[in-house]
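The first residue of the sequence shown is numbered 1, and numbering continues consecutively from there. Model, not experiment: these values are computed from the prediction. Read the numbers this way: they start at 1 and go in the same order the structure lists the ligands and their atoms.
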Amino acid sequence: MKKLYITTAIDYANGKPHIGHAYEKILSDAIARMFRMQGRDVQFMTGLDEHGQKVSQSAERAGVPEQTHCDGIAQDFKDLCEKLNISYDRYIRTTEQEHKRVVRECLQKLHDAGDIYKADYTGLYSKTAERFVLEKDKVDGKWPSDYGEVVEISETNYFFRLAKYQQWLLEYVESHRDFVFPEFRAKQVLEFLREPINDLCISRPKSRLSWGIELPFDSNYVTYVWFDALVNYITGAHYTHDDFHDYWPANYHVIGKDILVPAHSIYWPIILHALGIEPPKTLLTHGWWLVSGEKMSKSFGNVVNPLEFAEKFGADAFRYYLMREMTVGQDCNFSPDRFAVRYGSDLANNLGNLVSRLLNMAHRYCDGTVRKVTIHESPEMNLQKLWQPAIPEIISLCNEFAFHAALEKLFQCVSAINTYMEERAPWKLAKSNDASDAQRIDTTIAIAAEFVRIAAVLLMPTMPSIAERILSALGYGGELNWTTAVEFGDSLAGNVVSDGMILFPKIDGE
Ligand code: MSP
C-alpha cells in the first residue's frame with residue numbers, strides 16, 4: 001500500500017542546529033503524527049546534507065577531515081531530534097553509499113539521454129548559495145544577503161538541460177494547484193517560470209571542490225551540491241528498488257521559503273521529469289523565524305539555540321510555542337517574552353492547572369475513581385455545545401496545516417472546562433447532603449476528565465509527551481485514532497486516576 005511519505009529539507013552539515021531547523025522538524029513531526037492518528041501508514045524522513053564547499057570549509061576551520069566533521073554534526077542533529085521527540089522513520093545522510101549510488105545512477109541516466117552536456121561558462125557565483133546567479137537576481141541593485149560573496153568564475157562544467165523542460169513545468173504548476181502550499185507562494189514559482197531560465201550547472205571541477213560525489217562519466221568532476229541534495233528524497237524512497245512506488249510520489253516536502261525557488265520548485269520537478277519520475281505532490285513551504293525582524297542564521301550571528309529552551313521548559317512547551325505562534329507559510333518573530341506568556345498562561349495556568357485540579361478533586365471527592373455521567377443540566381449541556389462542533393473543526397484546521405488556529409481553538413475549549421468546574425464547584429457541592437449533589441460531583445469529574453482526555457488526544461501531534469502523561473494519569477490506554485478516540489463517551493468510567501501531577505512547573509527566574 002502507498003505510504004504517506006513526508007520529508008524535511010536536509011540540513012547543511014556546517015553548523016549547530018538552530019530554531020529554523022528545529023521548527024521544520026517539529027512541524028513535519030506534528031504532521032506525521034497527525035496522519036498516523038488518522039490511520040495512515042506514514043514514512044517520515046529527515047537528514048543531513050553533507051557535501052559542498054561550505055561543509056568542506058567548516059571542516060577545515062575545525063581542523064578535521066570532512067567525514068569526521070559530518071559525523072559530529074550528524075550526531076548533534078540526531079540528538080536534537082531525540083530531545084524534541086521527532087518521530088522520524090529514516091535519517092538520511094548524503095555520504096551514505098546508497099545515496100551516492102542513486103545520485104550516480106541518475107546522472108548516468110540523464111547523460112545517456114542527452115540531458116547533460118559539457119560547456120564553458122563564465123558567470124557570477126554565490127559562495128553562500130553555492131550556485132551561479134544572474135544580475136537579475138539582485139534586489140534594489142544589491143545581492144540578497146543570503147548570497148554572501150558573489151564572484152566571477154570561468155570554467156568548463158557539465159550542464160543539465162533545464163530550459164528544455166520549462167514549458168512542461170509551467171503547464172504542470174498551472175494545472176496542479178496543490179503543488180505549492182500555501183497557494184500564494186505558487187505565484188513566485190510561476191513568475192520565475194515566465195522568464196527564460198538557464199540550464200543548470202551540475203558539476204564542480206575537483207580542482208576547486210573535491211568534497212562531493214564523483215560524476216560517473218568524468219572523474220575530474222564532482223556533482224553540484226543541489227543535485228546531490230535533492231536526490232536524497234528518492235534515495236530515501238528506495239529508488240531503483242521494487243517498492244519505490246510504495247513511497248513515491250512524496251506527499252509533502254516540508255521546506256523553508258528560501259529554498260522553494262528555484263531549488264525545489266524548478267530544479268527538482270524537472271530533474272524528476274527528465275528521469276521519468278512523477279514530481280512530489282506538495283511543497284509545503286514555511287516562513288522564517290526572525291529575531292528582531294532579521295532572518296536567524298549562523299552568518300548573521302543571531303541564532304537562538306533550541307536546546308536551551310527545550311531543556312529549560314521541556315520539549316513539549318517549546319513545540320507548543322513554535323506551533324502556536326507561527327502561521328505555516330508566514331514569517332514569525334521569535335520572542336522569549338511571548339514564550340514566557342504562552343508558557344505561563346496557556347500551559348501552566350490553563351492546561352496544567354486544570355489537569356492538576358481535576359486529579360486532586362477526583363481523589364478528594366470520588367476516591368480517585370471516574371464514575372459515569374448521570375446529570376445533564378445546563379452547565380454540562382453548555383460545555384458539550386462548545387466542544388462537540390469544536391472537535392471536527394480542530395481536526396480540519398490541522399488537516400489544512402493551520403495548527404496555530406487549531407491550538408487556539410483547543411485551548412479555548414480547555415479553558416471552558418476550567419470555567420465549567422468553577423461553575424459546578426465540587427468543593428461546595430461536597431458540603432450538601434443531597435444525593436443528587438453527589439451525582440453532580442461525579443458527573444463534573446467524569447465530564448471534565450473525558451474532555452481532558454479528548455484534548456490530550458488532539459494535542460498529541462504537538463505535545464506528544466505531555467499528552468501521553470495526561471492520558472496515563474487518567475488511566476486511558478485505549479485507541480488514539482482521531483476518528484474513534486475523539487468521541488465523547490464514558491471511556492474513563494471505572495478508571496482510578498493518578499493522585500496529582502504538575503505538567504508545567506514554575507521556572508526559576510521566569
Ligand atoms: N541543505 C539545504 C537543503 C537541501 S534539501 C534537499 C539547506 N539547508 S539549511 O540547513 O540551510 O536549511 C534547512 C532548512 O531549515 C531549510 O528548509 C530552511 O529553509 C530552514 N531554515 C533555516 N533557517 C530558517 C529560519 N530562520 N526559519 C525557519 N526555517 C529556516 O537549505
Side-chain angles (χ1 to χ4, degrees), residues 6-28 45-55 58 70 73-74 76-77 80-81 84 86 91-95 99 102-103 106 126 128-131 144-148 185 212-213 223-237 250 252-269 271-272 280 283-306 322-323 325-335:
I6 172 166
T7 64
T8 67
I10 48 173
D11 307 303
Y12 280 131
N14 67 341
K16 297 258 179 225
H18 59 62
I19 276 194
H21 303 127
Y23 171 72
E24 190 171 285
K25 288 177 194 6
I26 291 169
L27 171 64
S28 310
M45 184 171 81
T46 185
L48 202 61
D49 188 356
E50 305 191 13
H51 292 124
Q53 205 159 1
K54 277 194 276 185
V55 176
S58 300
C70 291
I73 302 242
D76 289 344
F77 274 89
L80 174 80
C81 287
L84 296 178
I86 305 298
Y91 193 90
I92 192 165
R93 296 182 53 185
T94 53
T95 50
H99 177 67
V102 171
V103 168
C106 292
S126 149
T128 309
E130 299 202 43
R131 63 184 172 88
S145 55
D146 50 346
Y147 281 19
R185 293 221 175 269
I213 301 175
T223 189
Y224 158 69
V225 57
W226 272 107
F227 190 95
D228 162 10
L230 289 162
V231 167
N232 95 83
Y233 300 130
I234 54 171
T235 306
Y252 300 101
H253 284 331
V254 180
I255 54 169
K257 64 175 187 179
D258 50 323
I259 56 171
L260 174 67
V261 184
H264 280 80
S265 61
I266 312 288
Y267 304 164
W268 185 223
I271 292 171
L272 288 167
L283 302 172
L284 206 167
T285 314
H286 60 78
W288 280 346
W289 281 96
L290 307 172
V291 174
S292 318
E294 293 271 6
K295 188 195 175 199
M296 188 178 331
S297 84
K298 212 173 71 138
S299 24
F300 298 149
N302 59 355
V303 173
V304 175
N305 179 356
L322 297 184
M323 297 294 283
E325 287 289 304
M326 190 177 249
T327 304
V328 175
Q330 311 285 343
D331 291 347
C332 188
N333 213 44
F334 184 86
S335 148

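Within ligand 1, counting atoms from 1 as listed, the ones closer than 4.0 Å to a heavy atom of Gly20 are 24 (C), 25 (C), 27 (N), 28 (C), 29 (N), 30 (C). For ligand 1, the atoms closer than 4.0 angstrom to any heavy atom of Asn232 are 6 (C). Close approach of ligand 1 to Gly287 is summarised as follows: ligand atoms under 4.0 Å from at least one heavy atom of the residue are 28 (C). Within ligand 1, counting atoms from 1 as listed, the ones closer than 4.0 Å to a heavy atom of His18 are 22 (C), 23 (N), 24 (C). Distances below 4.0 Å separate heavy atoms of Ala229 from the following atoms of ligand 1: 6 (C). Near Gly256, meaning under 4.0 Å from any of its heavy atoms, are these atoms of ligand 1: 17 (O), 19 (O).
Judged by the shortest distance from any of its heavy atoms, Tyr233 lies inside the 4.0 Å radius around the atoms of ligand 1.
Of all the heavy atoms of Asp258, the ones lying under 4.0 Å from any atom of ligand 1 belong exclusively to the side chain. Counting heavy atoms closer than 4.0 Å to ligand 1, residue Leu290 contributes nothing at all. Contact annotation: for Trp226 versus ligand 1, heavy atoms closer than 4.0 Å belong to the side chain alone.
Ligand 1 has a nitrogen or oxygen under 3.5 angstrom from a nitrogen or oxygen of Tyr12. Distances between N or O atoms of Ile10 and those of ligand 1 include at least one value under 3.5 Å. Ligand 1 has no nitrogen or oxygen under 3.5 angstrom from a nitrogen or oxygen of Lys257. The distance criterion of under 3.5 Å between nitrogen or oxygen atoms is not met by Trp288 with respect to ligand 1.
With sequence neighbours left out, Asp76 forms a salt bridge (Lys or Arg N to Asp or Glu O under 4.0 Å) with Lys16. Residues passing the salt bridge (Lys or Arg N to Asp or Glu O under 4.0 Å) test with Asp11, sequence neighbours excluded: Lys25.
Between Tyr233 and His264, the distance separating the two ring centers is shorter than 6.0 angstrom.
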